[in-house]
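Notes follow the structure.
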There are 2 protein chains.
Amino acid sequence: MTSSNALPMRADARRNLERILQAAREAFAEGGMDVGVEEIARRAGVGKATFFRRFPTKEALVTALYEDFVDEVLGAIDQALAENADDPLGPLRAFLEHSMRTQAHNKAFFEAVAARYVPPVEMTDRIMDGVERVMEPARAAGLLRPGVERGDVSTATKMLGAAIRPMEGLLLCEAAWPRYLDVVLSGLVGDTPMPGVAADPCAMVREFSASSA
Amino acid sequence: MTSSNALPMRADARRNLERILQAAREAFAEGGMDVGVEEIARRAGVGKATFFRRFPTKEALVTALYEDFVDEVLGAIDQALAENADDPLGPLRAFLEHSMRTQAHNKAFFEAVAARYVPPVEMTDRIMDGVERVMEPARAAGLLRPGVERGDVSTATKMLGAAIRPMEGLLLCEAAWPRYLDVVLSGLVGDTPMPGVAADPCAMVREFSASSA
DNA sequence: CGACAACCGGACCGCTCGGTCCGCATGAAC
DNA sequence: GTTCATGCGGACCGAGCGGTCCGGTTGTCG
């Protein structure tokens, strides 16, 4: 879709687009979603107008980058499944670990998980399908508490994100991470049925998007 | 300190101060920390200048209100202890439930717990002392996993806050709350020693405040 | 090489927010 | 009732944001 028909972009334009994307990734990782467009353009060595020629709005850039995140998460899920074929709980644990690392090293992703940015519906669908896959071995082995659903795992990533960031901009030292991963994972494993009702992020995003439209 | 020596405030001034505080409480509850000063003044039926005559800065108002929060939390802890004298886990559970309710119904408090606002050192100390008290019965009864510390309970409140707010401004229906409370509480209860190291919020706030000064 | 379209970037706009200023109103003391 | 310090609020300021405009530049193609 980026370079389909019509004549291809001029060489400098294409190069600048790449630099903008890279600069945005770095800036968002460090400063979170609300780094200014000007800051991103400056890092890319480009004028603000050049930015807005590529992306009609800042939101459009965020969406473009979010697609990368989705791909990365899905890749991590595949890897977690491949590397833990012997341990039923392994993929889920590896996925949650990956989520903690990502949230720790990418402030914008953290905020996305904390849902300050509501992603397009189909991206949430893709992520949640992956979540379903990563928890399946544990469920099949009967390790998960009866009633644990994909929404619970999604919530677990949010809980872990909140756990490793005690204060604005301050990250818990990595030595503390296993502690909270262990707490959450212990809470999902066992025989006691889950109480209450589960919430499904896909349904929520759909509802939210519908109400916004 | 508010009305010590010097001559007392004029009657209208005192009345307006009270209205500002009340309006701020409501506005912060609904809109979070970043409702504008103008909005607060408008709700109080007062000019913006009147606001800044009472509080040198918006931050000063936040601090003043945060003291109320601390008192309320400590009150809830006392109540949780008093009403659950028979159940060793009861006070801790009641405290976490209270924390969920408070975070759900008060957006500003949520953000405070998420540490977008870093409170003064001594307030954190008072809160954490209360946390220590509320977990003591469970610890004494040997219900808590070896190594669980007050920082873990503090983290638990943050995790639960993240769990009940799936997306910006959207609250999970209350039917889902027990589910996540159960997950977290299950993760803190048992025989397995806690892995990793614990983090202490008091130390962190101290460190943070020192680095900011 | 020449010409043109695509592209560039800095100046600019409109908006919001925290915070200030100043002319006017008013409660309190006599 | 008179006086005046205290308090009042709307107009104002400067900074920073997302987004636009236009005169100059540059890649590309014949």
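None of the values given here were measured: they were computed from a predicted structure. Throughout, a chain's letter reflects where its sequence line sits, starting with A, and its residues are numbered from 1.
A:Glu30 and A:Arg43 are joined by a salt bridge, as a carboxylate oxygen and a charged side-chain nitrogen come within less than 4.0 angstrom of each other. Between B:Glu39 and B:Arg42, at least one side-chain N (NZ, or NE/NH1/NH2) sits under 4.0 Å from a carboxylate O, which counts as a salt bridge.
For the pair B:Ala11 and B:Gly36, both in contact range of DNA chain C, the more 5′-proximal nearest nucleotide belongs to B:Gly36. Each of A:Arg53 and A:Val35 was assigned the nucleotide of DNA chain D with the nearest heavy atom; the assignment lying further toward the 5' end belongs to A:Val35.
Residue B:Arg54 is classed as a sugar-phosphate contact, given heavy-atom separations below 4.0 Å to backbone atoms only. In this structure, B:Ala49 reaches the bases: a heavy-atom distance under 4.0 Å links it to at least one base atom across the strands shown. Residue contacts for A:Ala13: at a heavy-atom cut-off of 4.0 Å it reaches the sugar-phosphate backbone alone, with no base atom in range.
For B:Phe52, taking side-chain heavy atoms from C-beta onward, the closest of the listed nucleotides D:dG18, C:dT20, C:dG9 is C:dT20. With C:dC8, D:dC8, C:dG9 as the choices, the nucleotide that has an atom nearest any side-chain atom of B:Asp12 turns out to be D:dC8.
Rounded to an integer number of Å, the gap from CZ of B:Arg19 to P of D:dC8 is 10 Å. To the nearest angstrom, C1' of D:dG7 lies 5 Å from CZ of B:Arg10. In this entry the distance linking CE of B:Met33 with P of C:dC17 reads 17 Å, nearest Å. At whole-Å resolution of the value, CG in A:Asp34 and P in C:dT16 are 18 Å apart. Here the P atom of nucleotide D:dA5 and the CE atom of B:Met9 are 20 Å apart, to the nearest Å. In this structure, A:Lys48 atom NZ and D:dC21 atom P are separated by 14 Å, rounded to whole Å. Atom CZ in B:Arg42 sits roughly 16 Å away from atom P in D:dA11 (whole-Å rounding). Regarding A:Leu61, its CG atom lies at a distance of 13 Å from the C1' atom of D:dG18, rounded to whole Å.
Under 4.0 angstrom from either OP1 or OP2 of D:dG7 there lies no side-chain N or O belonging to B:Thr50. Here B:Thr57 does not reach the OP1 or OP2 of C:dG18: none of its side-chain N or O atoms lies under 4.0 Å away. Phosphate contact (OP1/OP2 of C:dC7, side-chain N/O of A:Asn16, threshold under 4.0 Å): absent.
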(request) Please step through salt bridge (Lys or Arg N to Asp or Glu O under 4.0 Å) for the pair B:Lys107 and B:Asp34, ending with a clear verdict. (result) CA-CA 10 Å; B:Lys107 200 163 173 237; B:Asp34 48 7; 5.2 Å; no
(request) Decide yes or no on salt bridge (Lys or Arg N to Asp or Glu O under 4.0 Å) for A:Arg54 and A:Glu18, but give the supporting numbers first. (result) CA-CA 10 Å; A:Arg54 292 300 148 231; A:Glu18 216 50 56; over 6 Å; no
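Ring planes of B:Phe51 and B:Phe55: tilted class, angle from 30 to 60°.
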